[in-house]
Amino acid sequence: MTIEGPLSKVCIGPEATVREALEAIDRGASAIALVTNNDGVLHGVLTDGDIRRGLLRGAQLESKVLEYANSNPHVVGRDATRASVLDLMRSLRISEVPVVDDGGTLVGLHTLTDIVGRKPLKNLAVIMAGGKGTRLGALTKDTPKPLMTVADRTIIEWIILGLVESGITNIYVSVAYLAEKIMDHLGDGSRLGCSIKYLHEDPEKPLNTAGALGLLHHEVKEIDEAVIVTNADLMVRYSAGELLAFHEAKGAAVTVAARPYTHQVPFGVLDIAEDRSINSVVEKPTVEFEISTGIYAVSPEALAMVPYMEPYSMPELVKACIDESKTVAAWPIDSDWIDVGTPKDLATAKGQ
């Protein structure tokens, strides 16, 4: 397999010299050269720091470079998220991470510039984080549900990093229950690569699942683009950019991110005629629905329909749009999705 495209600029063979490695680093305008064999399998990486240390040890420009390369570099697979790669870079204090397939073949290269340099979308996002999380019982007595941790990060941080990964960096978080803890934890969002502002609900008068959009519309006078709206208790991977593109293509007032949900009835289901005779029995049938995932794209025209400082739900907004003959669309999500509503759900999200 021959490495092609821009990636080929930073690739050298196992027999390459220090001089060739320096040329590859210069060609790629990065601080790394990747050592691959003729099949494209990654054998090691070499940074400009590795070369400097090699020269101090007596290496010459015509020395074989493999002796000075890191033969066991940190790599990631194709499905690694930008957020997880950024965490890896920060923890190891490195700026480049190769991407390999299951066979160890080089298929890409993440650089810190690429990870944090994505062009922002103009769209705002609103994360609904004001609920009490009562179904989690004692777990949320002193800690709001969005601050429950999964894989060493809070749920709301995973949501924010997913939005940033999609290019959305202007984020509003609606807060009510234990609001100060959420605000203290997230701050202004700078450490997560975004700007975070807060929409304050009255803890004694919760605004339901859409009411905070009335606060947003009141606070931000000119909203020209669709807004991403998401619950703060979701563990899911999706592209906000793809959702917004679908929303725009459909000309929708509201687009609901939907996914299949299968339920098996644990009993025999009877088909009963009017005279109470039984036509058939289906033992433990399975039924499938498409359900709302708690993620939406909402157009400015729909935002304007949400009352200010009054409880209002997303189903009410969807119904109001349908009643006014506005388009409401369903965008399919096919990735894993967990609504962290109960201790069992939280354990599932943690992989327990």
Side-chain angles (χ1 to χ4, degrees), residues 1-120 151-153 158 161-162 164-167 192-193 237-239 241-242 334-336:
M1 172 185 170
T2 302
I3 304 294
E4 299 178 345
L7 190 60
S8 65
K9 294 181 179 181
V10 296
C11 291
I12 56 177
E15 299 301 315
T17 64
V18 170
R19 182 189 300 275
E20 290 170 323
L22 285 170
E23 291 172 346
I25 290 174
D26 185 60
R27 282 196 307 271
S30 63
I32 196 170
L34 307 176
V35 184
T36 60
N37 66 13
N38 291 334
D39 295 324
V41 175
L42 184 67
H43 276 233
V45 303
L46 194 82
T47 66
D48 53 359
D50 293 326
I51 293 177
R52 286 197 302 271
R53 286 185 287 272
L55 292 172
L56 289 172
R57 289 163 48 196
Q60 303 296 312
L61 289 178
E62 302 309 319
S63 299
K64 299 296 183 184
V65 79
L66 199 56
E67 178 181 349
Y68 307 101
N70 176 4
S71 60
N72 188 31
H74 292 278
V75 299
V76 296
R78 292 178 186 268
D79 60 347
T81 65
R82 293 167 69 91
S84 64
V85 174
L86 181 58
D87 279 347
L88 179 64
M89 288 178 173
R90 285 175 170 167
S91 65
L92 299 175
R93 297 187 177 182
I94 57 179
S95 300
E96 298 86 10
V97 179
V99 185
V100 298
D101 64 15
D102 292 340
T105 300
L106 180 70
V107 294
L109 176 66
H110 288 298
T111 67
L112 184 60
T113 301
D114 172 61
I115 291 291
V116 301
R118 178 184 288 267
K119 183 179 179 181
D152 297 323
R153 275 198 186 277
W158 284 119
L161 287 172
V164 173
E165 181 177 337
S166 294
L192 297 171
R237 287 181 57 188
Y238 71 100
S239 167
E242 291 180 10
D334 57 8
S335 64
D336 290 338

At their closest point, which heavy atom of [X] faces which heavy atom of [Y], and how far apart are they?
X: Val35; Y: Ala69; result: CG2-CB, 4.4 Å
X: Gly108; Y: Leu7; result: N-CD2, 3.7 Å
X: Ala33; Y: Ala21; result: CB-O, 4.0 Å
X: Asp79; Y: Arg237; result: O-NH1, 3.0 Å
X: Ala24; Y: Ile12; result: CB-CG2, 3.7 Å

What's the separation between atom [atom1] in [X] and atom [atom2] in [Y], rounded to the nearest 0.5 Å?
X: Leu55; Y: Leu61; atom1: CG; atom2: CG; answer: 6.5 Å
X: Arg27; Y: Ser8; atom1: CZ; atom2: OG; answer: 8.0 Å
X: Leu34; Y: Leu106; atom1: CG; atom2: CG; answer: 5.5 Å

Can you list the residues that meet the side-chain contact (heavy atoms from CB on, under 4.5 Å) rule with [X], with sequence neighbours excluded?
X: Val75; answer: Leu42, Pro73, Pro98, Val100
X: Leu56; answer: none
X: Leu161; answer: Ala83, Arg153, Leu192

Starting from the C-alpha separation in whole Å, work towards a yes-or-no answer on side-chain contact (heavy atoms from CB on, under 4.5 Å) for Val97 and Leu92. CA-CA 10 Å; Val97 179; Leu92 299 175; over 6 Å; no

Can you pull the side-chain hydrogen bond (donor to acceptor under 3.5 Å, both in side chains) pairs that have at least one residue in residues 62-71, sequence neighbours excluded? Arg19-Glu62

Measuring only between side-chain heavy atoms, which start at C-beta, is [X] closer than 4.5 Å to [Y]?
X: Val18; Y: Gln60; result: no
X: Thr47; Y: Ile94; result: no
X: Ile32; Y: Leu109; result: yes

Mind running side-chain contact (heavy atoms from CB on, under 4.5 Å) on Glu20 and Val65 for me, showing each step along the way? CA-CA 8 Å; Glu20 290 170 323; Val65 79; over 6 Å; no

For Arg53, side-chain hydrogen bond (donor to acceptor under 3.5 Å, both in side chains) partners two or more places apart: Asp50

So, Asp39 side chain and Val41 main chain: donor-acceptor pair closer than 3.5 Å or not? no

